[in-house]
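Each remark here refers to the structure printed beneath this line.
From a predicted model like this one, the values you see are computed outputs, not experimental measurements. Chain A is the first sequence line, chain B the second, and so forth, proteins listed ahead of strands; every chain is numbered from 1.
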Protein chains: 2
Amino acid sequence: MLTNSRLVHQAHDHGRCINAALTRALDLCVERKARMTPTREAVLRLLWQSHQPLGAYQLQDQLATLLDKTIAPPTVYRAIEFLLQLGLIHRIASLNAYIGCPFPNSDHSNLFMICNNCGSAAEVAHASINELLQTASDKANFTLQSQTLELFGLCPQCASIENESK
Amino acid sequence: MLTNSRLVHQAHDHGRCINAALTRALDLCVERKARMTPTREAVLRLLWQSHQPLGAYQLQDQLATLLDKTIAPPTVYRAIEFLLQLGLIHRIASLNAYIGCPFPNSDHSNLFMICNNCGSAAEVAHASINELLQTASDKANFTLQSQTLELFGLCPQCASIENESK
DNA sequence: ACATTAATGTTATATTATAACGTAACACTT
DNA sequence: AAGTGTTACGTTATAATATAACATTAATGT
């Protein structure tokens with residue numbers, strides 16, 4: 001099982017996350033002959049600033065501040081589109097929000113565990129879940145092509161806080 | 001495994017689906033002391049007209065035609081909200097669309113298999129998938145509360161058509 | 001340098017969803 | 001039946017998310 005759930009839910013050297021993500025992104029760009037432009041890089045950085053998914057218009061605001069100029073929605077959505085295509089970020093459908101992908105190279109199905117309290121989202125790639133979903137699809141004669149798997153609940157930190165307060 | 005996938009993907013007496021859904025809905029309303037008003041009933045019917053999820057504004061159009069008066073968005077969303085709360089319909093997050101629930105009484109996790117070609121959506125309640133998701137959550141110390149599970153691909157009919165044309 | 005492609009800027013608008021406030025219908029008590 | 005509280009609906013406006021269309025600029029290859 002591949003996951004960043006421990007990392008997400010704990011204090012950690014966050015600069016490293018961002019730098020690692022950026023390095024991976026640059027490598028991927030070279031590989032795919034794609035361009036990592038300032039806007040795209042800024043969006044990627046923002047999506048790694050926290051382990052919480054950000055909406056397009058939150059990104060717009062932050063981007064405008066960061067680059068110190070007005071940014072129109074299409075600019076944001078173009079960067080998002082680009083990063084999605086490279087697999088560097090994911091879209092979380094139930095939140096209309098976007099988040100950096102911790103393991104962009106691996107072929108994986110993105111299952112998210114999203115905290116209802118603090119908003120953090122950890123990604124998990126769980127082989128047996130995927131196998132089971134494949135099996136279930138096969139049984140139904142359904143040709144599986146892609147999937148949206150989003151679990152909502154409480155992250156370890158928020159759960160323990162809730163318990164304390166009882 | 002509880003599913004309506006065979007039904008969804010085959011020709012069948014559709015009037016029955018609707019009537020059955022309506023009967024269940026009325027029972028549930030009595031049980032919960034909720035009111036099944038004309039608007040709510042119309043929305044429920046529309047969501048059972050096909051096994052394809054409908055967006056709120058598609059519902060608005062069809063509702064306006066059906067009731068022969070102009071319908072404003074809040075009216076639609078209120079009916080949707082009501083039906084969602086009773087568990088009579090589901091929201092499909094990746095499509096921003098709504099669909100009738102085939103087994104509203106059972107306590108289940110709504111996994112959908114959605115056809116990328118014809119748009120049909122079958123619901124599946126699969127105990128072992130739920131168990132596995134619960135186990136995965138436990139391992140991550142994540143307190144699971146709800147889930148969005150949406151599989152995309154080709155339904156049996158559309159898949160076989162694709163194969164023929166090769 | 002030039003042509004080509006890729007990326008961005010800009011304006012407008014589509015799509016999905018909700019806030020806020022007023023009115024009407026219903027249901028319960030007396 | 002009149003009064004009262006609650007629930008549902010009507011109406012207007014607007015918020016939030018996303019994209020279309022077209023002009024401009026920048027980068028890349030020859």
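A:E123 places no side-chain N or O within donor-acceptor distance of the main-chain N or O of A:N4, the cut-off being under 3.5 Å. A donor-acceptor pair under 3.5 Å is absent between the side-chain atoms of B:R91 and the main chain of B:L84, judged by distance alone. In this structure, B:Q145 contributes its side chain and A:L154 its backbone to no donor-acceptor pair below 3.5 Å.
Rounded to an integer number of Å, the gap from B:Q58 CD to C:dT15 C1' is 11 Å. Regarding A:L95, its CG atom lies at a distance of 13 Å from the P atom of C:dA17, rounded to whole Å. Across the protein-nucleic acid pair, B:E81 atom CD and D:dT7 atom P stand 15 Å apart, rounded to whole Å. Rounded to whole angstrom, the span from the CE atom of A:M36 across to the C1' atom of D:dA27 amounts to 16 Å. Atom CZ in B:R32 sits about 19 Å away from atom C1' in D:dA8, given to the nearest Å. A straight line from CG of A:L59 to P of D:dA18 spans 11 Å, rounded to a whole angstrom. Straight-line distance from the CZ atom of B:F82 to the P atom of D:dC9: 9 Å, rounded to whole Å. In this structure, A:Q60 atom CD and D:dT19 atom C1' are separated by 14 Å, rounded to whole Å.
Taking every side-chain heavy atom of A:R91 into account, D:dA18 is the closest of D:dA18, D:dA8, C:dT10. Residue A:K69 has its side chain nearest to C:dG9 when only D:dA18, C:dG9, D:dT19 are considered. Relative to the side chain of B:T39, the nucleotides D:dC9, D:dT11, C:dT18 differ in distance, and D:dC9 lies closest. Nearest to the side chain of A:T37, among C:dT8, D:dC9, C:dA17, sits C:dT8.
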Check your understanding: Going through the checks in order, is the side chain to side chain donor-acceptor pair (under 3.5 Å) test met by A:Q134 and A:N130?
Key -> CA-CA 6 Å; A:Q134 186 60 60; A:N130 291 335; over 6 Å; no
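At the heavy-atom level, A:R35 lies under 4.0 Å from the strands shown only through sugar-phosphate atoms. Base engagement by B:R78 is indicated by at least one non-hydrogen atom pair under 4.0 Å involving a base atom.
An angle of 30°, rounded to 10°, separates the two end axes of the helix from C:dA1-D:dT30 to C:dT30-D:dA1, each defined over five pairs.
The side chain of A:Y98 places no N or O atom within less than 4.0 Å of a non-bridging phosphate oxygen (OP1 or OP2) of D:dT17. Distances shown here put every side-chain N or O of B:N96 at or beyond 4.0 Å from the OP1 or OP2 atom of C:dT15. Side-chain nitrogen and oxygen atoms of B:K33 include none within less than 4.0 Å of the OP1 or OP2 phosphate oxygen of C:dA27. Phosphate proximity of C:dA17 to B:Y77: present, with a side-chain N or O under 4.0 Å from OP1 or OP2. At D:dG10, one or more side-chain N or O atoms of B:T75 fall inside 4.0 Å of OP1 or OP2 (strictly under the cut-off).
Interatomic distance, A:L111 CG to A:L2 CG, rounded to the nearest 0.5 Å: 11.5 Å. Remark: A:T3 OG1 to B:F142 CZ distance equals 11.0 Å, nearest 0.5 Å. Considering CG of A:L7 and OG of A:S120, their distance stands at 11.0 Å, rounded to 0.5 Å.
No donor-acceptor contact under 3.5 Å links the side chain of B:Y57 to the base of C:dA14.
Here the closest heavy-atom approach between residue B:W48 and residue B:R24 is recorded as CZ2-NH2, 3.7 Å.
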